[in-house]
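Here is the structure we will look at.
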Protein chains: 2
Amino acid sequence: MALASRNIGVDDSRTRLVEAAEQLMREEGYAAVTSRRVASKAGLKPQLVHYHFRSMDDLFLAVSERGAQQLSEHLDRALASHQPLHSLWELISDRNTAVLASEFLALANHRRTIRAEVARYAKRYRSVQIELLSLTFSECGISRTLYPPAAMALIMESIARTLAIEASLGLSAGHADAIRFVKRYLDIVEPVRSPRKSSKREKLLADLSGRGGPVPRK
Amino acid sequence: MALASRNIGVDDSRTRLVEAAEQLMREEGYAAVTSRRVASKAGLKPQLVHYHFRSMDDLFLAVSERGAQQLSEHLDRALASHQPLHSLWELISDRNTAVLASEFLALANHRRTIRAEVARYAKRYRSVQIELLSLTFSECGISRTLYPPAAMALIMESIARTLAIEASLGLSAGHADAIRFVKRYLDIVEPVRSPRKSSKREKLLADLSGRGGPVPRK
DNA sequence: GTCTATACTTCGATAGAC
DNA sequence: GTCTATCGAAGTATAGAC
């Protein structure tokens with residue numbers, strides 16, 4: 001892991017600013033991420049934001065890269081787990097992840113540099129999910145025309161994100177039903193069985209960690 | 001329709017401001033909705049915003065009410081149509097509607113007055129969809145335990161919204177597949193047949209127009 | 001209802017001392 | 001790397017003339 005050395009025992013200002021920005025984004029939305037508020041949350045002076053980041057967009061990109069990095073690691077673990085599809089569902093259902101993701105989608109809607117980064121990562125991330133589903137379906141004899149992996153990946157993520165957003169607004173109508181529905185589907189597509197080694201799955205894992213990952217800036 | 005009289009031939013400043021605000025929200029996100037930018041888009045002076053609306057939150061609420069009103073009317077038409085479920089899908093798939101809705105969800109995440117209004121309307125709106133699905137399922141003999149109407153309503157809307165947001169970011173992976181998947185499902189649940197009168201469906205329609213609609217302020 | 005003028009706040013960003 | 005000081009831009013909102 002190339003970036004790990006950078007994060008060992010690091011609690012420096014830069015990291016704290018990125019963490020504060022991420023927290024603000026999740027709790028109060030991207031519009032609350034101002035240099036002053038971020039600094040205040042990190043217990044630092046506002047001017048330090050501009051020392052560590054050329055502009056606020058750069059700060060957002062740093063939050064994005066950090067999120068993408070963490071998501072990739074979680075996805076690695078999910079793919080390597082006993083029931084990768086079930087693990088994937090748990091992963092994308094995480095409220096923090098889903099809320100942060102939708103804040104970035106909203107932000108991407110009106111900031112060009114963010115849009116490019118979000119689109120780039122979303123594409124890569126989705127394609128890994130599609131390969132996983134594709135692999136699982138062929139192992140289980142699921143029809144690829146009746147249940148196109150690309151559609152299923154999109155649908156799973158849509159549902160997870162909606163559940164998270166609605167829950168954070170205090171809405172819960174249909175949530176329990178929807179979760180049961182998805183889980184029942186997952187149990188059919190990926191029944192419990194003993195762990196196995198799959199060379200294809202290992203290749204998938206290598207692909208994600210390598211190709212086109214977040215580019216370290218320094 | 002109680003509010004109609006208010007909108008006959010009206011192109012007054014207030015309406016133009018609301019329209020400009022809505023457009024800005026869709027095109028550049030809620031953060032772009034400032035008194036200056038809204039006024040500029042409407043060809044008016046910024047101070048007029050504060051004459052017509054006590055605060056910016058009031059402006060957002062006006063946009064919300066207008067959107068809710070229009071959505072209700074569209075939903076009325078969808079419920080009354082030949083294939084209400086198919087019409088519902090077309091309705092929630094409309095890009096403008098979906099993008100505006102997700103902007104409001106994001107806005108609701110960090111403005112308390114907006115949150116209350118959005119939650120209130122979302123609840124009502126969803127419950128009408130659930131009743132429609134419930135009715136359609138029982139007419140078609142679809143199992144309500146295997147396909148809980150509440151879950152299906154949530155899932156349909158999730159997919160539609162995700163497709164709209166991703167499309168506006170230039171992402172299209174799996175979109176065609178997902179649309180085909182949903183349409184195939186709709187064709188099974190609600191096959192083409194001759195129009196009919198359903199007293200239950202008419203009651204549903206009346207419920208939506210009446211109970212708890214947007215409250216006129218003056 | 002619409003205008004001008006303006007008070008006040010908060011923001012992003014930079015310069016320069018230490 | 002962190003601080004003080006500060007600029008200019010943009011935001012919300014109000015007062016008062018017409």
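Each chain gets a letter, A, B and so on, in the order the sequences are listed, and its residues count up from 1.
For the helix from dG1(C)-dC18(D) to dC18(C)-dG1(D), the angle separating the two terminal helix axes comes to 0°, with each axis derived from five pairs and the value rounded to 10°.
By the 4.0 Å N-to-carboxylate-O rule, Glu73(A) lies too far from Arg77(A) to be salt-bridged with it. Looking at Lys41(B) and Glu28(B), no side-chain N of the basic residue comes within less than 4.0 Å of a carboxylate O on the acidic one, giving no salt bridge. For the pair Glu19(A) and Arg16(A), the salt-bridge criterion is not met [side-chain N within less than 4.0 Å of a carboxylate O].
The two atoms that bring Glu103(A) and Met25(A) nearest to each other are CG-O, 3.4 Å, heavy atoms only. Taking both residues in full, the closest heavy atoms of Ser13(B) and His52(B) are given as CB-NE2, 3.6 Å, listed atom of the first, atom of the second, then distance. The two residues Val49(A) and Ala39(A) have their closest heavy-atom pair at CG2-CB, 4.3 Å.
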request  = Step by step, work out the side chain to side chain contact (heavy atoms under 4.5 Å, CB included) result for Ser81(B) and His86(B).
outcome  = CA-CA 9 Å; Ser81(B) 84; His86(B) 284 75; over 6 Å; no
request  = Test side chain to side chain donor-acceptor pair (under 3.5 Å) on Gln129(A) and Tyr125(A) and set out the steps.
outcome  = CA-CA 7 Å; Gln129(A) 292 183 14; Tyr125(A) 171 66; 3.2 Å; yes
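The distance from atom NZ of Lys183(B) to atom OG of Ser93(B), rounded to the nearest 0.5 Å, is 7.5 Å.
Proximity of residues 18-31 of chain B to DNA chain D (heavy atom under 4.0 angstrom from any strand atom) is not detected for any residue.
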request  = Quick one, give me the B/S/- string for nucleotides 4-18 of chain D, reading 5' to 3', where B means a protein heavy atom under 4.0 Å from the base and S means that only happens at the primed atoms, P, OP1 or OP2.
outcome  = BB-----BBBB----
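Distance Arg14(B) CZ to dG1(C) P: 11 Å, rounded to the nearest Å. Rounded to an integer number of Å, the gap from Arg16(B) CZ to dG1(C) C1' is 13 Å.
A donor-acceptor pair under 3.5 Å is formed between the side chain of Tyr121(A) and the backbone N or O of Ala68(A).
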